Asker: 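Once you've had a glance at the structure underneath, I'll fire off some questions.
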Amino acid sequence: MTIAEVGRARLRKEDSHLITGRSRYTDNITLPGMLHLAMVRSPFAHARITSVDVSAAKSSPGVVAVLTGSDVAAEQGSLPNAWPVTAEQKAPAHPAIAVDEVAFAGEVVACIIARSAAAARDAVELVDVSYDELPVVLDLEEAATDQVLAHPGLGTNTSATWVFDSGEAGTGKPISEALAGAEVLIERTFYQQRLIPAFMEPRSTVVDPTGEQITVWSATQIPHILRLMLALTLGIPESKLRVIAPDVGGGFGGKLQVTPEEAITVLAARHTGKPCKYTETRSESLMAAHHGRAQVQRLRLSATKEGIVTGLDVKLLADMGAYLGLVTSGVPILGAFMYNSIYKFPAYRFECTNLFTNKAWTDAYRGAGRPEATFAIERLMDELAVELGMDPLEVREKNWITHEEFPFTSVAGLEYDSGNYEAATAKALELFDYEGLRAEQARRREAKDPVQLGIGISTFTEMCGLAPSRVLGALSYAAGGWEHAQVRVLPTGNIEVVTGSSAHGQGHETAWSQLVADKLGVPFENVEVLHGDTQISQRGLDTYGSRSLTVGGMAVLAAADKVIEKAKVIAAHLMEASEDDLEFAEGKFKVRGTDQSTSLGEIAFATFSAHNLPDGVEPNLDSDATFDPQNFSYPHGTHLAAMEVDTETGRATIRKYVCVDDIGVVVNPLIVEGQVHGGLAQGIAQALYEEAVHDDAGTLVTGSFVDYLVPGAPDLPHYTTARTETPSTTNQLGAKGVGEAGTIASTPAIVNGVLDAVRHLGVKDIRMPCSPSRVWAALEEAKLSGGVQ
Amino acid sequence: MARSTTITVEVDDVSYTDDVEPRLLLVQYLRERLGKTGTLIGCDTTNCGACTVHLDGTSVKSCTMFAVQADGRRVTTIEGLARDGKLTPLQRAFHECHALQCGFCTPGMIMQSASLLQENPHPSEQEIREGLEGNLCRCTGYQNIVAAVQAAADGTTTSDSATENGASETAGVA
Ligand code: FES
Ligand code: FES
């Protein structure tokens with residue numbers, strides 16, 4: 001009996017080369033005759049370009065050519081937005097190199113092509129660009145007034161307004177009734193600060209134009225989408241483009257983009273006929289790679305005096321930044337389906353206004369819309385509890401969907417297939433010692449301890465497995481949400497798995513090997529997983545939205561099922577048995593009731609030699625499958641944070657963090673654990689540390705790692721993690737998805753905890769990040785307004 | 001173009017003599033001239049630690065010094081750690097504790113951890129966290145990195161099971 005691979009904490013196959021420095025990140029690539037690029041970027045957030053003089057740069061040592069916007073105006077096209085959320089959506093043209101106008105500080109205005117990276121960078125300063133500065137609009141609430149326009153040509157800052165109304169959709173009552181009849185009305189405005197994904201590997205692209213096909217290596221999450229979009233944008237036949245994502249050093253949504261720099265590197269290679277490389281500096285990355293979050297959330301929650309929520313009204317201002325990137329416009333709308341979270345709200349309305357500002361454009365960042373929604377509702381549930389003098393857990397329990405009620409159609413119209421919020425919460429409370437910490441909290445309040453204790457709760461769910469293609473179609477997204485896989489059986493019986501879902505740290509090579517090892521009964525070691533190269537993996541929709549296992553993994557299983565079907569025909573022939581009498585287990589076909597059997601390896605070789613196959617059967621076991629999910633999956637969990645707040649310094653520290661996640665059936669607990677940890681770190685970072693700050697002119701102040709505070713090891717706690725397991729019913733494995741859970745759940749848990757520590761001192765809210773200065777200021781303000789009870 | 005200088009540096013047990021521009025950073029020399037691309041660049045303000053190597057046995061961020069400053073000295077990079085195809089206990093520990101995801105911070109993390117353990121062979125969790133303060137990781141949330149350093153310090157990695165091109169096994173703890 002072989003041990004099942006699914007569920008086993010296999011160490012990762014992808015580690016060996018990474019721990020020994022044999023890595024293949026894009027910037028490691030050097031090609032013969034390769035030229036290097038450096039970008040000239042606008043120092044102004046909004047300006048008209050009046051002239052670009054490149055003569056001095058062109059004669060700088062080592063410089064081969066300089067490209068300006070007008071040089072490539074005819075061929076550069078406009079960078080794509082794949083998500084026109086409404087038919088009326090407005091968007092400015094988005095040239096890779098600005099031609100007449102720049103709309104954010106950091107926008108590319110020219111590109112130096114030189115024989116070395118140093119020579120290219122030296123020449124950047126020699127490009128003389130004249131600008132006429134234009135007024136900038138930076139603040140979202142100001143942008144909504146249209147007094148200053150980010151793109152005067154559009155006539156408005158509003159890109160689109162998107163509405164969901166449960167009354168109109170027939171998924172619930174009209175919100176007006178709920179608000180009118182409210183016994184308790186909680187009105188709050190929350191600010192989702194702008195964040196920067198800050199993957200550790202700066203973006204890098206190498207383009208080789210030699211030969212009949214253009215090869216693009218890029219630090220991207222989306223080689224397949226990039227290929228299609230570069231082809232459409234630059235007018236290159238798709239078949240003449242090969243995109244390779246080699247080792248990629250993290251993405252978190254930040255590399256889910258078709259970037260100006262990628263397009264420019266292709267253009268530069270085309271102009272020079274030579275391989276070209278562009279690698280951004282960290283400062284460029286922070287300034288010009290897309291940002292995330294940046295929303296203002298105006299919320300009204302109505303409830304009964306008993307704490308039963310009767311309705312939720314959400315009005316969102318979402319900062320697009322200066323342009324619409326690949327899915328910029330859709331990110332807040334993904335959140336629309338999650339504001340009601342795990343609760344049974346009878347009425348719900350969501351209205352989102354997508355606004356342009358003169359900042360770097362925003363787009364997907366880990367969670368993409370769902371962290372914002374979860375933050376809002378989990379903060380509101382705490383506010384309701386405070387208003388009613390109830391325990392925040394009790395308020396949640398009163399409103400959540402009980403485990404007997406699944407499947408449950410939410411007020412936002414999603415069908416939640418499964419879940420058990422009671423079980424996850426019970427486990428979290430036990431690990432946390434909720435009662436003990438509440439008692440300590442009371443003691444410290446009583447003693448007026450300078451360090452106060454707060455308990456933060458976050459119960460959450462999210463939609464994973466992006467996405468059923470029909471749903472994406474209904475939301476006007478341009479592409480589908482399927483994933484492709486191929487399982488190849490080599491003559492030796494070794495297996496190659498080709499997956500369209502391209503990993504950049506998630507461990508697909510290990511997890512997919514486990515899936516296939518179980519399915520085909522072959523040793524884990526004999527499975528090789530190939531991905532991230534459009535010439536090897538010809539179809540795919542790549543990696544984001546916690547989709548890899550629930551969509552890509554299911555395609556792998558479906559392809560493996562087809563291999564078994566094909567092999568069965570040949571097995572029956574070889575053993576002179578009827579197919580109906582065969583059973584497949586542990587890598588062997590057995591004739592039922594006999595001891596006759598043949599292994600997949602034997603069949604593989606027989607297929608390869610093809611000497612003795614049944615008539616009309618092709619000598620090939622390889623199989624393809626494309627899986628389109630019928631529904632999302634809905635991981636959920638309960639996160640509890642014990643926060644210590646030093647009321648003298650304002651410093652908030654995490655004393656204890658417990659999370660219980662229910663992500664369904666787990667393939668590799670080690671990888672899952674890692675995903676949870678990393679997700680938590682990013683969610684905690686939003687709550688306590690990170691914010692992209694601009695000055696009044698629109699220059700990014702947090703333009704390096706000195707000022708943009710990605711937390712280090714001393715800034716983060718030891719996490720206590722555990723799981724409950726309620727299998728998803730939307731896929732054959734019962735898996736749900738884990739890539740974003742930690743990020744979604746942890747931010748409100750931390751902020752709720754900070755507030756719980758200082759609420760009795762009169763503090764009502766603190767804007768994220770809850771830095772010492774913000775917490776201290778909130779405490780001072782509360783003192784001044786006599787809030788101390 | 002600035003005048004170049006001749007330097008001799010021993011990198012991962014091989015001695016190199018090269019003419020370099022005075023402004024060439026050590027990390028650029030390693031990556032661009034020697035092809036030692038195992039050492040990575042994550043920032044331009046000496047904050048991330050991705051470029052950490054050992055200079056005469058002590059960790060330095062190789063983006064903070066010029067190649068000329070390494071003249072006559074001995075540099076060890078992540079590529080020179082494993083001997084005869086055998087991983088060091090720290091490398092094994094990073095693998096066994098799942099202390100890496102995308103792997104971009106990993107070379108720097110391992111080099112910095114090695115230095116840390118040299119100075120303090122039995123660090124507490126807090127000492128490990130503080131010792132790694134200058135090395136950023138965006139993927140792991142640090143918990144497994146801390147565990148890996150602890151495991152290497154405690155000698156609890158499985159000694160010979162992982163080789164440089166090693167087959168994977170199952171984690172002892174999960
Ligand atoms: S590259 Fe040296 S510290 Fe970041
Ligand atoms: S493993 Fe990706 S940055 Fe550390």
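Each chain gets a letter, A, B and so on, in the order the sequences are listed, and its residues count up from 1. When reading the values below, keep in mind they use all heavy atoms of this one structure, side chains included, and skip hydrogens, waters and symmetry mates. If you're wondering where the values come from, they're calculated on a predicted model, not measured in any experiment.
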Asker: So B:Q143 and A:H718, do their side chains get closer than 4.5 Å, heavy atoms only?
Answerer: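 Counting from C-beta outward, A:H718 and B:Q143 do come under 4.5 Å.
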
Asker: Check each atom of B:T106 against the heavy atoms of chain A and say whether the ones under 4.5 Å are side chain, backbone, both or neither.
Answerer: side chain

Asker: Minimum heavy-atom separation for A:I19 to B:I78, with atom names?
Answerer: O-CD1, 3.4 Å

Asker: Which one wins on heavy-atom pair count under 4.5 Å against chain B: A:G62, A:G249, A:A503?
Answerer: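 Greatest number of close heavy-atom pairs with chain B: A:G249.
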
Asker: Quick check on A:Q675 against chain B: is it the side chain, the backbone, both or neither that has a heavy atom closer than 4.5 Å?
Answerer: both

Asker: Could you pull out the closest heavy-atom pair between B:C139 and A:F252, with the gap in Å?
Answerer: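 Smallest heavy-atom distance, with atoms named: SG-CZ, 3.6 Å.
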
Asker: Roughly how far, to the nearest 0.5 Å, is the CG atom of A:D15 from the CD atom of B:E96?
Answerer: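 That separation rounds to 10.5 Å.
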
Asker: Name the region of B:E125, side chain, backbone, both or neither, that has any atom closer than 4.5 Å to a heavy atom of chain A.
Answerer: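 It is the side chain, since no backbone atom gets that close.
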
Asker: Looking at residues at least two apart in the chain, or sitting in another chain, which of them share a side-chain contact (heavy atoms from CB on, under 4.5 Å) with A:T721?
Answerer: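 A:T721 satisfies side-chain contact (heavy atoms from CB on, under 4.5 Å) with A:C659, A:E673, A:V676, A:H677, A:Y719 once adjacent residues are dropped.
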
Asker: Would you mind listing every ring-ring contact (aromatic ring centres under 6.0 Å, His included) that reaches into residues 103-133 of chain B, with sequence neighbours excluded?
Answerer: A:Y25-B:F104

Asker: Atom CD of residue position A:E528 - does it have more than 12 heavy atoms of other residues, nucleotides or ligands inside 6.0 Å?
Answerer: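 Open.
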
Asker: If you compare all heavy atoms of B:Y142 against all heavy atoms of A:P711, which two are closest, and at what distance to 0.1 Å?
Answerer: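 Here B:Y142 and A:P711 meet closest at OH-O, 2.7 Å.
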
Asker: Examine whether an atom of A:P717 lies under 4.5 Å from a heavy atom of chain B, and if so say whether it belongs to the side chain, the backbone or both; otherwise answer neither.
Answerer: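 Looking at A:P717, just its backbone touches chain B.
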
Asker: What part of B:I128 lies closer than 4.5 angstrom to a heavy atom of chain A: side chain, backbone, both or neither?
Answerer: neither

Asker: So, do B:R31 and A:D27 sit near enough that their side-chain heavy atoms are less than 4.5 Å apart?
Answerer: yes

Asker: In terms of heavy-atom proximity below 4.5 Å to chain B, should A:L716 be classed as side chain, backbone, both, or neither?
Answerer: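 Both backbone and side chain of A:L716 come within 4.5 Å of chain B.
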
Asker: For the interface with chain B, which of A:A713, A:G21, A:G505, A:S23 has the highest count of heavy-atom pairs at distances below 4.5 Å?
Answerer: A:A713

Asker: Pick from B:A99, B:C102, B:G80, B:G38: which one has the most heavy-atom pairs with chain A under 4.5 Å?
Answerer: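 Highest number of pairs under 4.5 Å: B:C102.
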
Asker: Would A:E284 and B:D44 count as a side-chain contact (heavy atoms from CB on, under 4.5 Å) here? Give the steps.
Answerer: CA-CA 10 Å; A:E284 288 180 288; B:D44 42 15; over 6 Å; no

Asker: Heavy atoms only, distances under 4.5 angstrom: which of B:M109, B:K36, B:E133 has the most pairs with chain A? Name it, please.
Answerer: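 Of the options given, most contacts go to B:E133.
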
Asker: Under 4.5 Å, counting heavy-atom pairs only, tell me which of A:G250, A:G678, A:A685 racks up the most with chain B.
Answerer: A:G678

Asker: Identify which part of B:L81 has an atom lying under 4.5 Å from any heavy atom of chain A, answering side chain, backbone, both or neither.
Answerer: neither

Asker: Could you check which of B:L100, B:N144, B:L132 has the highest count of heavy-atom pairs closer than 4.5 Å to chain A?
Answerer: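 When all of B:L100, B:N144, B:L132 are compared, B:L100 has the most.
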
Asker: Give, as side chain, backbone, both or neither, the part of B:L40 having an atom under 4.5 angstrom from any heavy atom of chain A.
Answerer: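 Just the side chain, heavy atoms under 4.5 Å.
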
Asker: Of the listed residues (B:G131, B:G103, B:P107, B:G42), which shares the most heavy-atom pairs with chain A below a 4.5 Å separation?
Answerer: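 Heavy-atom pairs under 4.5 Å are most numerous for B:G42.
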
Asker: What part of A:A118 lies closer than 4.5 angstrom to a heavy atom of chain B: side chain, backbone, both or neither?
Answerer: both

Asker: Quick check on A:H504 against chain B: is it the side chain, the backbone, both or neither that has a heavy atom closer than 4.5 Å?
Answerer: backbone

Asker: Among A:Q506, A:Q682, A:M200, who wins on heavy-atom pairs under 4.5 Å with chain B?
Answerer: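 Option with the greatest count: A:M200.
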
Asker: Contact part of A:V248 toward chain B, heavy-atom cut-off under 4.5 Å: side chain, backbone, both or neither?
Answerer: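 The backbone, not the side chain.
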
Asker: Where on A:D715 is there a heavy atom nearer than 4.5 Å to chain B: the side chain, the backbone, both, or neither?
Answerer: neither

Asker: Check this for me, if you would: do A:E690 and B:R138 make a salt bridge, where the nitrogen-to-carboxylate-oxygen distance has to be below 4.0 angstrom?
Answerer: yes

Asker: So for A:T281, is it side chain, backbone, both, or neither that comes closer than 4.5 Å to the heavy atoms of chain B?
Answerer: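 For A:T281, backbone and side chain are both near chain B.
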
Asker: What's the separation between atom CD in B:E21 and atom OG in A:S116, rounded to the nearest 0.5 Å?
Answerer: 7.5 Å

Asker: Looking at chain B, which one of A:A119, A:A681, A:P202 has the largest number of heavy-atom pairs inside 4.5 Å, strictly under?
Answerer: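 Top option by heavy-atom pairs under 4.5 Å: A:P202.
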
Asker: What do you reckon, is CZ of B:R33 surrounded by more than 12 foreign heavy atoms closer than 6.0 Å?
Answerer: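 Counting other residues, nucleotides and ligands, CZ of B:R33 exceeds 12 neighbours.
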
Asker: For A:I671 and B:H98, which heavy atoms make the closest approach, and how far apart are they?
Answerer: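 Heavy atoms only, the tightest pair is CA-NE2, 3.7 Å.
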
Asker: I'd like to verify something: which residue of A:D122, A:T30, A:T279, A:I684 has the highest number of heavy-atom pairs under 4.5 Å with chain B?
Answerer: A:D122

Asker: Using heavy-atom distances under 4.5 Å, tell me whether A:N28 contacts chain B through its side chain, its backbone, both, or neither.
Answerer: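 Both parts, backbone and side chain.
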
